[in-house]
Amino acid sequence: MASLTISFGLVAIPVKLYAASVSSERISFNLLRQKDGSRVKQQYIAVADGKLVERSEMVKGYEFAKDQYVMFSAEEMKALEDANSAAIDIGQFVPLETVDPVYFDGTYYLAPDKGGAKPYTLLATALRKAGQCGIGRWISRGKEHIVVVRPIESGLAMHQLQFQAEIRQFKDLGIEPAQVSDAEMKLAEQLVEHLKSKQFDPNDYVDEFKSRVEAAIQEKIAGNDVSLSAAPIASSTGNVIDLMAALRASLRSQNTKSGGQSERKSPKGAPAPVSARKSPRRRGA
């Protein structure tokens with residue numbers, strides 16, 4: 001996507017920027033006229049006189065007062081939006097766990113560019129051994145970003161972050177903690193223990209919704225009707241009895257799926273601790 005330079009102190013590392021996600025896999029639909037399947041297109045109408053406006057006649061404008069705009073030409077907008085910086089300026093190093101995921105806003109991979117292999121490897125290795133990540137700034141497409149540069153496998157990844165002013169404060173939601181009993185807490189803790197794994201494995205989750213959509217598309221192509229019935233969604237209420245029943249049912253379900261795992265012994269003959277047992281494989285909804 002771009003050639004950049006990671007800089008901190010007097011060190012400069014040339015790198016190449018790559019997108020970490022594949023957006024082309026998303027299924028998209030077109031708008032059609034129902035009676036004959038004809039594609040429809042969007043048109044723009046001028047509010048002043050109701051006439052159709054062609055794209056070649058359009059410019060962008062900023063409303064600085066009610067119905068008053070300053071206009072920017074395509075060339076002016078390009079100059080504003082194309083403002084970029086080839087430097088990722090790292091100002092400090094911090095433990096990655098101190099960066100709340102709520103600030104994350106995009107992930108990229110960084111690869112060494114020409115002449116940058118050795119300092120790139122040194123930085124990745126040093127960050128991994130120290131358990132640290134770099135916090136810096138980067139300007140892209142007319143917007144400044146805070147970024148995290150962290151080690152990943154044998155290289156580096158970069159995450160764009162939101163600024164503090166862009167994050168809604170959770171306390172503004174006005175949520176008050178509910179009272180829970182010791183019995184409820186004990187059941188909840190047991191359920192967490194049953195589902196606990198040593199680490200997150202993305203291979204445990206697939207996009208089942210996308211698979212259902214793709215299957216429905218193939219059925220339509222084959223000329224078949226598609227069932228519109230959705231999978232049942234568990235309802236929830238504020239009833240304490242329902243909560244306790246749901247927790248107990250969840251534990252029974254997990255015990256059934258375990259298939260007697262609780263009886264397995266460790267190599268020394270002692271019962272295997274719950275945290276050491278493999279949790280049942282989960283699939284994302």
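Keep in mind that what you see is a predicted model, and the values were worked out from it rather than measured.
Using a 4.5 Å cut-off on side-chain heavy atoms (C-beta onward), Q169 and Q164 make contact. Proximity of L32 to R39: side-chain heavy atoms (C-beta onward) are separated by under 4.5 Å at one or more points. For the pair I88 and M158, the minimum side-chain heavy-atom distance is below 4.5 Å. Contact annotation: the side chain of L96 never approaches that of Q132 to less than 4.5 Å [non-hydrogen atoms, C-beta and beyond].
The hydrophobic clustering, which links ILVMFWY residues whose side-chain heavy atoms are closer than 4.5 Å, places I139 and V148 apart. By the rule that hydrophobic residues join a cluster once side-chain heavy atoms approach within less than 4.5 Å of another member, V149 and L17 end up as members of one cluster. Put simply, I221 and F29 are part of the same group of oily side chains (I, L, V, M, F, W, Y) that touch within less than 4.5 Å, one to the next. By the criterion of side-chain heavy atoms lying less than 4.5 angstrom apart, applied directly or through intervening Ile, Leu, Val, Met, Phe, Trp or Tyr residues, L127 is grouped together with I6 in one hydrophobic cluster. L161 and F163 fall within a single hydrophobic cluster, where Ile, Leu, Val, Met, Phe, Trp and Tyr side chains are chained together by heavy-atom contacts under 4.5 Å.
Environment of CD in E57: crowded, with over 12 heavy atoms of neighbouring residues, nucleotides or ligands closer than 6.0 Å. Within a 6.0 Å radius of CG in D225, no more than 12 heavy atoms belonging to other residues, nucleotides or ligands are found. Heavy-atom contacts from other residues, nucleotides or ligands closer than 6.0 Å to CD1 of I45 number more than 12. Remark: Y109 OH is loosely packed, at most 12 non-hydrogen atoms of other residues, nucleotides or ligands lying under 6.0 Å away. Residue E63 qualifies as enclosed at atom CD: its count of foreign heavy atoms under 6.0 Å is above 12. Crowding of F170 atom CZ: a count of heavy atoms from other residues, nucleotides or ligands under 6.0 Å not exceeding 12.
Considering all non-hydrogen atoms of both residues, V94 and I135 come closest at CG2-CG1, 3.7 Å. Of all the heavy atoms in I13 and P119, the pair that sits closest is CD1-O, 3.5 Å. Between M71 and V59, the shortest heavy-atom contact is SD-CG2, 3.6 Å. Pairing each heavy atom of A12 with each of T5, the nearest pair is CB-CG2, 3.8 Å. Counting all heavy atoms, side chain and backbone alike, P151 lies closest to A124 at CB-O, 3.7 Å. A pairwise comparison of heavy atoms in S7 and D89 identifies OG-OD1, 2.6 Å as the closest pair.
Listed for the R137 side chain is no donor-acceptor partner under 3.5 Å among the backbone atoms of G91. Side chain of T125 to main chain of L122: no donor-acceptor pair is present (N/O by atom type, distance under 3.5 Å, no hydrogens or angles). Formation of a donor-acceptor pair under 3.5 Å by the Q218 side chain with backbone atoms of A215 is not found in this model.
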| task | Might you work through the side-chain contact (heavy atoms from CB on, under 4.5 Å) test for H159 and V99, ending with a clear yes or no? | result | CA-CA 11 Å; H159 304 280; V99 184; over 6 Å; no
Walk me through it: do K196 and E193 pass the test salt bridge (charged side-chain N to carboxylate O under 4.0 Å, His left out)?
CA-CA 5 Å; K196 186 169 66 176; E193 190 69 20; 3.3 Å; yes
Requested in this report: Check the pair W138, I146 against side-chain contact (heavy atoms from CB on, under 4.5 Å), reporting the backbone distance first and the verdict last.
Outcome: CA-CA 6 Å; W138 175 49; I146 315 171; over 6 Å; no
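Between the NE2 atom of H145 and the CD atom of Q162 there is a distance of 9.5 Å, given to the nearest 0.5 Å. The CD atom of E214 lies 11.5 Å from the CZ atom of R212; values are rounded to the nearest 0.5 Å. Here the CD-CZ distance, from Q160 to F104, works out to 12.0 Å after rounding to the nearest 0.5 Å. Taking OG of S38 as the reference point, atom CG of N30 lies at 11.5 Å (rounded to 0.5 Å). Distance CZ/R128 to CD1/I152: 9.5 Å, rounded to 0.5 Å. To the nearest 0.5 Å, the span separating CG on L156 from OH on Y120 amounts to 4.5 Å.
A donor and an acceptor atom, one from each side chain of E54 and Y44, are nowhere located under 3.5 Å apart.
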